Peer 1: 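For reference, the structure I am asking about is given below.
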Amino acid sequence: MSLIGRIRQKIQDRQYYISSHAEEEMAEDSFERSDVENAILHGRVDKRLTRDIRGTRYRLVGQAIDGRTMEVICRFRKTGNLIIITVYEPEQQK
């Protein structure tokens, strides 16, 4: 299965966790859980961030339900679940 396929499967199976930091960022940009899910399910992996001792992070770009562009940073945990590290609306979109 492709990387984006694995990430999407975790969302569909509800095997993901949204960090408190991501929840704070979501609130600042008026994003909901459904926006994060939509961005991941219909977006794309924009970049692999490999220089983190905790493991590779992935930046996904997609759209919120209302059409705004959003970026989601996530990684797979050792348990196999996905953690959403942060979520934000790119500066040029604001």
Side-chain angles (χ1 to χ4, degrees):
M1 182 180 295
S2 68
L3 172 62
I4 191 65
R6 288 178 46 222
I7 293 171
R8 288 176 178 158
Q9 191 65 52
K10 294 298 180 186
I11 298 300
Q12 292 168 342
D13 294 344
R14 300 274 188 226
Q15 294 180 343
Y16 71 96
Y17 170 77
I18 298 178
S19 72
S20 58
H21 174 74
E23 287 179 351
E24 290 169 8
E25 294 297 316
M26 288 165 59
E28 282 184 24
D29 289 334
S30 300
F31 288 132
E32 301 289 331
R33 180 178 290 264
S34 58
D35 294 312
V36 175
E37 291 175 351
N38 190 71
I40 292 172
L41 292 174
H42 301 288
R44 62 183 170 80
V45 175
D46 181 57
K47 190 170 189 176
R48 293 174 194 240
L49 306 162
T50 59
R51 295 184 180 185
D52 189 326
I53 61 171
R54 295 168 291 183
T56 301
R57 293 173 292 144
Y58 306 98
R59 182 173 67 199
L60 286 79
V61 177
Q63 290 189 331
I65 300 293
D66 65 6
R68 288 182 293 154
T69 298
M70 62 188 298
E71 294 184 3
V72 178
I73 306 293
C74 62
R75 82 159 39 95
F76 289 101
R77 299 176 109 181
K78 290 180 183 178
T79 61
N81 290 343
L82 188 72
I83 183 166
I84 308 300
I85 300 166
T86 193
V87 174
Y88 54 90
E89 185 174 8
E91 285 298 320
Q92 66 269 19
Q93 299 293 316
K94 290 184 178 183

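Just so you know, these numbers come straight off a predicted model, no measurement behind them.
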Peer 1: Can you confirm whether Y58 sits close enough to V72 that some side-chain heavy atom of one is under 4.5 Å from a side-chain heavy atom of the other?
Peer 2: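 Answer no - side chains too far apart.
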
Peer 1: Determine yes or no for a side-chain-to-main-chain donor-acceptor pair under 3.5 angstrom, with K10 supplying the side chain and G80 the backbone.
Peer 2: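 Yes, the answer is positive, given that a donor and an acceptor are paired below the 3.5 Å cut-off.
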
Peer 1: Output all residues satisfying salt bridge (charged side-chain N to carboxylate O under 4.0 Å, His left out) with R8, sequence neighbours left out; order by chain, then residue number.
Peer 2: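 Partners of R8 by the salt bridge (charged side-chain N to carboxylate O under 4.0 Å, His left out) criterion come out as none, since no residue qualifies.
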
Peer 1: Run the side chain to side chain contact (heavy atoms under 4.5 Å, CB included) test against I65 and tell me which residues pass, sequence neighbours left out.
Peer 2: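 With sequence neighbours excluded, I65 shows a side chain to side chain contact (heavy atoms under 4.5 Å, CB included) to S34, D35, N38, given in chain and number order.
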
Peer 1: Answer whether the closest heavy-atom distance between the side chains of I18 and V87 falls below 4.5 Å.
Peer 2: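 They are not in contact (no side-chain heavy atoms under 4.5 Å apart), so the answer is no.
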
Peer 1: Could you grab the distance from atom CD of Q9 to atom CE of M1, nearest 0.5 Å is fine?
Peer 2: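 Interatomic distance, Q9 CD to M1 CE, rounded to 0.5 Å: 5.0 Å.
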
Peer 1: Do R77 and Q15 touch side chain to side chain, with heavy atoms closer than 4.5 Å?
Peer 2: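 No - every pair of side-chain heavy atoms lies 4.5 Å or more apart.
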
Peer 1: Would you say Y17 and L60 are hydrophobically clustered, going by side-chain heavy atoms of ILVMFWY under 4.5 Å?
Peer 2: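 Cluster IDs for Y17 and L60 differ.
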
Peer 1: Are V61 and I7 linked, directly or through other ILVMFWY residues, by side chains that come within less than 4.5 angstrom of each other?
Peer 2: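 No; I7 is not reachable from V61 via cluster members.
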
Peer 1: To the nearest 0.5 Å, what is the distance between CD on E32 and CD on E23?
Peer 2: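 Spacing of CD (E32) from CD (E23) equals 11.0 Å.
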
Peer 1: Got a salt bridge between D29 and R68, using NZ or NE/NH1/NH2 to carboxylate O under 4.0 Å?
Peer 2: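 Between R68 and D29 there is no salt bridge, as every charged N stays at least 4.0 Å from the carboxylate O atoms.
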
Peer 1: Check each of E25, E71, E28 against Y88 using the side-chain hydrogen bond (donor to acceptor under 3.5 Å, both in side chains) test, and report the only one that passes.
Peer 2: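 Testing each of E25, E71, E28 against Y88, the sole residue satisfying side-chain hydrogen bond (donor to acceptor under 3.5 Å, both in side chains) is E71.
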
Peer 1: So which heavy atom on G55 is nearest to which on R75, and how close?
Peer 2: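 So the minimum-distance heavy-atom pair works out to O-NH2, 3.3 Å.
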
Peer 1: Would you say V36 ends up clustered with I73 if hydrophobic residues are merged whenever their side chains have heavy atoms under 4.5 Å apart, either directly or through other cluster members?
Peer 2: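 Each belongs to a different hydrophobic cluster.
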
Peer 1: So, taking the atom named CG in L49 and the one named CD1 in I85, what distance separates them when rounded to the nearest 0.5 Å?
Peer 2: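 Here the interatomic distance stands at 8.5 Å.
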
Peer 1: Are Y16 and I84 close enough that some pair of their side-chain heavy atoms sits under 4.5 Å apart?
Peer 2: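 Heavy-atom side-chain distance check passes, below 4.5 Å.
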
Peer 1: To the nearest 0.5 Å, what is the distance between NE2 (H42) and CD1 (I4)?
Peer 2: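 Result: 11.0 Å between the selected atoms.
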
Peer 1: Side-chain contact test, heavy atoms from C-beta onward, threshold under 4.5 Å: evaluate it for Q12 versus L41 and give yes or no.
Peer 2: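 They are in contact (side-chain heavy atoms under 4.5 Å apart), so the answer is yes.
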
Peer 1: So, do R44 and D46 sit near enough that their side-chain heavy atoms are less than 4.5 Å apart?
Peer 2: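 A side-chain contact under 4.5 Å exists here.
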
